[in-house]
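Single-structure report; data block below.
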Protein chains: 2
Amino acid sequence: MSMTSRRDWVADLANERSLIGRSSTAARVADALRTRVIEGALLPGTRLSEEDLGAALGVSRNTLREAFRLLTHERLLVHEFNRGVFVRTLTPDDVRDVYQYRRVIECAAVHQSAHAPAGALDAVRAAVEEGEAAALVDDWSTVGTANMHFHQGIVGLAGSQRLDEAARQVLAELRLVFHVMADFQRFHESYLTQNRAMYQLLRTGRIADAETELARYLDVAERQLLDAFRESA
Amino acid sequence: MSMTSRRDWVADLANERSLIGRSSTAARVADALRTRVIEGALLPGTRLSEEDLGAALGVSRNTLREAFRLLTHERLLVHEFNRGVFVRTLTPDDVRDVYQYRRVIECAAVHQSAHAPAGALDAVRAAVEEGEAAALVDDWSTVGTANMHFHQGIVGLAGSQRLDEAARQVLAELRLVFHVMADFQRFHESYLTQNRAMYQLLRTGRIADAETELARYLDVAERQLLDAFRESA
DNA sequence: TATTGAAGAATTGTTCAACAATCCCTATTC
DNA sequence: GAATAGGGATTGTTGAACAATTCTTCAATA
């Protein structure tokens, strides 16, 4: 038994060790760029020059091009043939489509949440708490990130890799809209209490109510975003 | 009026002209590889050597690597660091996840089909007819392709770019399973009449029935595929 | 002043060669 | 059979080069 137990953690360590250093430079560059796009350091419309970025990051143009290919598929960048690569700007139609997509994915996940994997609801709660803590110190960027984690957690209730990945992408994409919004704080501050309420509905097993509340939230959020587009036009 | 009309078709022509020759070699290579993966010329597990493939296609290794980056994101290829790129092999858990994902997407699209865009239902009908014609001449590969078109058309009823793209990907991915199946014909021949029946339900506006029928079909198909995995193990 | 065209500079897309690092395969030894 | 070492093959990355395309600027013209 003692010998078997030792083999288990040795195998675990070997497993974990094998992941160290096993990512390509292209993937790492893509990670760095993705983070900057999501957090707003690279704003929509920004042109990403191969020359400048390659020099800044200390990688060759070919490696950078590979990283660009990874990110264009995530719809964070848009690749214009012979003109270069840009951080994507979303249109009102994009916003409508994003919310239609989210309604399909997020509401289905809540619908299936009676069979959520172990720990999935904990992730939802953690995201609620993360947002509330950030709001206490007026860190609205982190509130935005926590809200994204909340909705990622909602989709995680379905226990599906492909749904998780779809959510990851579309929630990242939606961040692009927020970075050009005039009133980011106003948009997010009403959602903290709403997220808490949704979590409570889920925790107490009131799935149909949670689904209704989520759909209502998505409708309101979509309308607010579209209104924000009109204000800035 | 005559002057306005001229400007319209001039603008249309300019629009169309700007698309000619505006794809990169990397994108074209990815298209060629994607088709071969979907149609089964490149089977799951196949290793795609940069050297061999670059020579065969007459492109440089860098260009090929860009193409690989495009396809790994579509889950058709899997990129193993320092070992190369392989056509993906799906596991039984993958199949379960794919069907969970399809149930979410396809059933939601049918649910929303009262507001389908103009021509969307025609695409569904065309796919049904394509499959029936192919079966008449025992062209079961085209039956498989037509079935994919049918389900792509189902999702098209939602009129959402992001749902369309999600469907395109997951249906392509599912093709990988069929290429290693022993009895491809048996799997597909019962679905032609079912697709016709589903189309009729949609055409006559019986949306709830169509949704129920689709969910039932997806359950059956999933079970059959999982059974086929057990038979081959 | 506004528009058009030409020229030059900047950039992208692709190829090629080179090299370091890693993996795979084979042969040898215990 | 298992472990090890060596050699070859391949991947990951860099950098240079060049053709093609786009962008910017300036001059000429209406």
Side-chain angles (χ1 to χ4, degrees), chain A residues 3 7 10-11 14-34 42 45-73 76-89, chain B residues 3 6-7 10-11 13-34 42 45-73 76-89:
Chain A
M3 178 70 76
R7 288 185 65 90
V10 169
N15 244 357
E16 192 151 341
R17 190 185 183 114
S18 73
L19 296 177
I20 300 175
R22 306 236 13 130
S23 62
S24 62
T25 302
R28 276 189 267 114
V29 167
D31 285 344
L33 292 178
R34 186 185 297 110
L42 291 176
T46 307
R47 189 164 166 284
L48 308 185
S49 144
E50 292 177 8
E51 207 75 59
D52 293 345
L53 214 47
L57 294 170
V59 299
S60 80
R61 280 179 56 221
N62 286 118
T63 299
L64 192 54
R65 294 182 63 85
E66 284 192 40
F68 285 162
R69 293 295 188 180
L70 289 172
L71 291 173
T72 54
H73 223 297
L76 294 180
L77 303 185
V78 57
H79 185 129
E80 296 187 19
F81 187 65
N82 268 343
R83 296 190 66 243
V85 172
F86 301 79
V87 180
R88 192 181 287 271
T89 300
Chain B
M3 178 70 77
R6 180 175 174 274
R7 287 185 67 89
V10 169
L13 189 57
N15 244 356
E16 192 152 342
R17 191 187 182 111
S18 72
L19 295 177
I20 300 175
R22 303 222 31 113
S23 64
S24 63
T25 303
R28 277 188 268 115
V29 167
D31 286 344
L33 292 178
R34 185 185 299 109
L42 292 176
T46 307
R47 187 161 167 288
L48 309 185
S49 143
E50 293 175 7
E51 207 76 58
D52 293 346
L53 215 45
L57 295 172
V59 299
S60 80
R61 279 180 53 221
N62 286 114
T63 299
L64 192 55
R65 293 180 65 84
E66 285 191 39
F68 284 161
R69 292 298 188 180
L70 289 172
L71 291 174
T72 52
H73 228 301
L76 294 180
L77 303 184
V78 58
H79 184 130
E80 297 188 19
F81 187 63
N82 269 341
R83 295 189 66 243
V85 172
F86 302 80
V87 180
R88 192 182 286 274
T89 299

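Residue numbering restarts at 1 for every chain, and letters A, B, ... go by the order of the sequence lines.
Under the side-chain hydrogen bond (donor to acceptor under 3.5 Å, both in side chains) criterion, Thr25(B) pairs with no residue at all, not counting sequence neighbours. Taking the side-chain contact (heavy atoms from CB on, under 4.5 Å) definition, one finds that Thr89(A) meets it with Pro44(A), sequence neighbours left out. Every side-chain contact (heavy atoms from CB on, under 4.5 Å) that Thr72(B) has, sequence neighbours left out, goes to Leu77(B), His79(B). With sequence neighbours excluded, the residues satisfying side-chain contact (heavy atoms from CB on, under 4.5 Å) with Ala67(A) are Val29(A), Ala30(A). Evaluation of the side-chain hydrogen bond (donor to acceptor under 3.5 Å, both in side chains) rule for Arg83(B) yields Glu80(B) as partners, not counting sequence neighbours. In this view, Asn82(B) satisfies the side-chain hydrogen bond (donor to acceptor under 3.5 Å, both in side chains) rule with no residue, not counting sequence neighbours.
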Scan nucleotides 12-18 of chain C nucleotide by nucleotide, 5' to 3', and note B when protein non-hydrogen atoms come under 4.0 Å of the base, S if they reach only the sugar-phosphate, - if neither. BBBBB-B

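In terms of heavy atoms, Leu76(B) sits closest to Arg34(B) at CD1-CG, 3.6 Å.
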Tell me which donor-acceptor pairs under 3.5 Å the side chains of residues 48-60 of chain B have, and how far apart each pair is, sequence neighbours excluded?
unit_1   : atom_1 : unit_2   : atom_2 : d
Ser49(B) : OG     : Glu51(B) : N      : 3.3
Ser49(B) : OG     : Asp52(B) : N      : 2.9
Glu50(B) : OE1    : Arg61(B) : NE     : 2.8
Glu50(B) : OE1    : Arg61(B) : NH2    : 3.0
Glu50(B) : OE2    : Arg65(B) : NH1    : 2.6
Ser60(B) : OG     : Asn62(B) : N      : 3.4
Ser60(B) : OG     : Thr63(B) : N      : 3.3
Ser60(B) : OG     : Thr63(B) : OG1    : 3.3

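Mapping heavy-atom proximity under 4.0 Å, the span of DNA chain D touched by chain B runs 5' to 3' from dT10(D) to dT22(D).
When the C1' atom of dT11(C) is taken as reference, atom CG of Leu53(A) falls 14 Å away, rounded to whole Å.
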